[in-house]
Structures are given as structure tokens and as C-alpha cells.
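Nothing fancy with the numbering, it's 1 onward along the sequence. Scope of the values below: all heavy atoms of this structure, side chains included, with no hydrogens, waters or symmetry mates.
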Amino acid sequence: MPVEFLNAIGRLDAAAFQWLRAYHSPFLDPVMAGLSDIARGGALWAGLALLVGLLHPRRWPAVVQVLLAVAMSYLLADMIAKPFFNRARPFERYTDTRVYGYRPTTRSLPSGHAANAIAAAYALTRLAPEGRAIFWALAILLAVSRVYLGVHYPADVLVGCLLGLAAAGVVVGGTRWSYAASKK
């Protein structure tokens, strides 16, 4: 790809970041920071999967798939893509950026939180289709929170979402679980 094209994408991403960051609410600041904190390391998603497994014991094989999807998204995002892209976080590049919550020490591209969230929402929807609206709403809110908090650019979140979707697609694949017996 030509360098000019990549530079143009970077400028557009930075402009979108600045525009999105202009919208803050004192009410949303602790909500977004709290959501981001409880989802660190995939903890929120593992907890939801385990809760479904406890409530529906016949769904344990699918719980394992959720955990594997989150683990694979972590490996792809944090262990492979972040070192490869080596992109500075917005608050490192723009020192006047206010960060709500903690300042991550890892690189910016892609968002690991977004990757985990989308992988988990996809896999959890297969595990417990009755909760799909909650899983996807949480995943999208969490992904958006990363830009809101000032720790990621929009492109970081988008790439993280794509990696999470790919990870869950590989792990879950076309698996269809039958839970008719577990509803008794």
C-alpha cells in the first residue's frame, strides 16, 4: 500500500477519534470506565459463560467454546497484532487527551477489549441464543467505551472487532448445540 494512503487513513482515524471524544457525560464516565475494567482480560465474558453453564449444565461444551474464542482473540490481538502494528495509543500521541480510568501500557492496534467482546458475544449467542440482545449490546458498548475513554482510536476498535469475529468463527464454526433435553 502506498504510504500516502496509509497516512490519509491515519489522519482520518485521528480526526474521528477527536470528534468522538468531544461527547462526554459525567454520568457515562464511570459507567464506561467500570465496564471496561470488569471486561479486562476477558473476565466479564468468562463470568457470563460460566453463569450460563451453571444454569444449564448440558451447555458446558459450548461454555468451553466461549472460553476458547476469547482466548484465541486475546492471542491474535495482544500477542500477534499489537507487536506487529506497534501503534502508539492516542494519549501517547496527543498529550492533551484526557483518559478516563487506567492508562494501558500495551500498544493500541488492535483493541484487545473489542476483540474479546465480539468473540464472546458471537460464541455466547451460540451458547445461549436467548441472551443475544444482552451479549451484543454489552460487546458494542464495551468496544465504543475504548474510544470514549481515550485509550484507542476507532480503527483500533474496528480491527479488534474483526479479529474477535474471526477468532469466534474459527472456534465455534458451524457448531449447533441442541438444548432440547436441557430445558426439561
Side-chain angles (χ1 to χ4, degrees), residues 20 27-82 85 100-102 104 106-149 151-184:
L20 289 168
F27 168 75
L28 281 180
D29 293 349
V31 171
M32 296 293 221
L35 179 61
S36 203
D37 284 346
I38 63 169
R40 193 177 308 158
L44 170 66
W45 311 112
L48 284 172
L50 293 172
L51 178 63
V52 172
L54 290 172
L55 295 173
H56 304 281
R58 293 180 187 253
R59 297 184 184 187
W60 278 104
V63 169
V64 172
Q65 282 187 321
V66 173
L67 299 176
L68 287 173
V70 172
M72 181 179 264
S73 71
Y74 167 77
L75 288 172
L76 287 172
D78 288 271
M79 305 306 284
I80 297 170
K82 280 184 191 262
F85 290 111
Y100 298 85
Y102 76 100
T106 58
R107 304 312 284 164
S108 191
L109 179 66
S111 167
H113 276 75
N116 290 344
I118 297 302
Y122 182 92
L124 281 165
T125 296
R126 290 289 185 85
L127 167 62
E130 62 275 12
R132 82 173 46 92
I134 293 169
F135 303 144
W136 284 107
L138 272 173
I140 291 167
L141 185 62
L142 180 66
V144 168
S145 80
R146 304 308 288 162
V147 176
Y148 183 92
L149 296 171
V151 296
H152 281 291
Y153 294 100
D156 301 342
V157 170
L158 180 61
V159 172
C161 289
L162 293 172
L163 283 176
L165 193 58
V170 167
V171 170
V172 175
T175 306
R176 295 277 184 220
W177 297 99
S178 174
Y179 301 115
S182 69
K183 293 182 181 180
K184 291 180 182 179

V63 versus G53, closest heavy-atom pair with distance: CG2-CA, 3.7 Å
Validation row: M72, L68 side chains within 4.5 angstrom (heavy atoms): no
Distance in Å, I118 CD1 paired with L163 CG, rounded so as to fall on 0.5 Å steps: 11.5 Å
Closest approach of Y122 to A168 (non-hydrogen atoms, all atoms of both residues): CD2-CB, 3.4 Å
Partner set under ring pair (Phe, Tyr, Trp, His ring centres under 6.0 Å) for Y153, not counting sequence neighbours: F17
Under the side-chain hydrogen bond (donor to acceptor under 3.5 Å, both in side chains) test, residues paired with N116 that sit two or more places apart: S73
Residues in side-chain hydrogen bond (donor to acceptor under 3.5 Å, both in side chains) contact with W60, at least two apart in sequence or another chain: none
By side chain to side chain contact (heavy atoms under 4.5 Å, CB included) - contacts of L20 (at least two apart): V147, P154
N/O donor-acceptor pairs under 3.5 Å from side chains in residues 129-138, not counting sequence neighbours:
| from | atom 1 | to | atom 2 | distance (Å) |
| --- | --- | --- | --- | --- |
| E130 | OE2 | R59 | NH1 | 2.9 |
| W136 | NE1 | T125 | OG1 | 3.0 |

With a cut-off of 3.5 Å and sequence neighbours excluded, list every side-chain donor-acceptor pair involving residues 28-49.
| from | atom 1 | to | atom 2 | distance (Å) |
| --- | --- | --- | --- | --- |
| D29 | OD1 | H24 | ND1 | 3.0 |
| D29 | OD1 | Y148 | OH | 2.5 |
| S36 | OG | R146 | NH1 | 2.3 |
| D37 | OD1 | R40 | NH2 | 2.8 |
| R40 | NE | Y102 | OH | 3.3 |

Pairwise side-chain contact, L124 with L127, heavy-atom cut-off 4.5 Å (strictly under): yes
A114: side chain to side chain contact (heavy atoms under 4.5 Å, CB included) partners, not counting sequence neighbours: S111, A143, V157, C161
Contacts of A155 that satisfy side chain to side chain contact (heavy atoms under 4.5 Å, CB included) - sequence neighbours left out: D13, R87
Polar side-chain atom of H152 near backbone of S108 as donor-acceptor pair, under 3.5 Å: yes
Smallest separation among heavy atoms of A123 and A69, with atom names: CB-CB, 4.1 Å
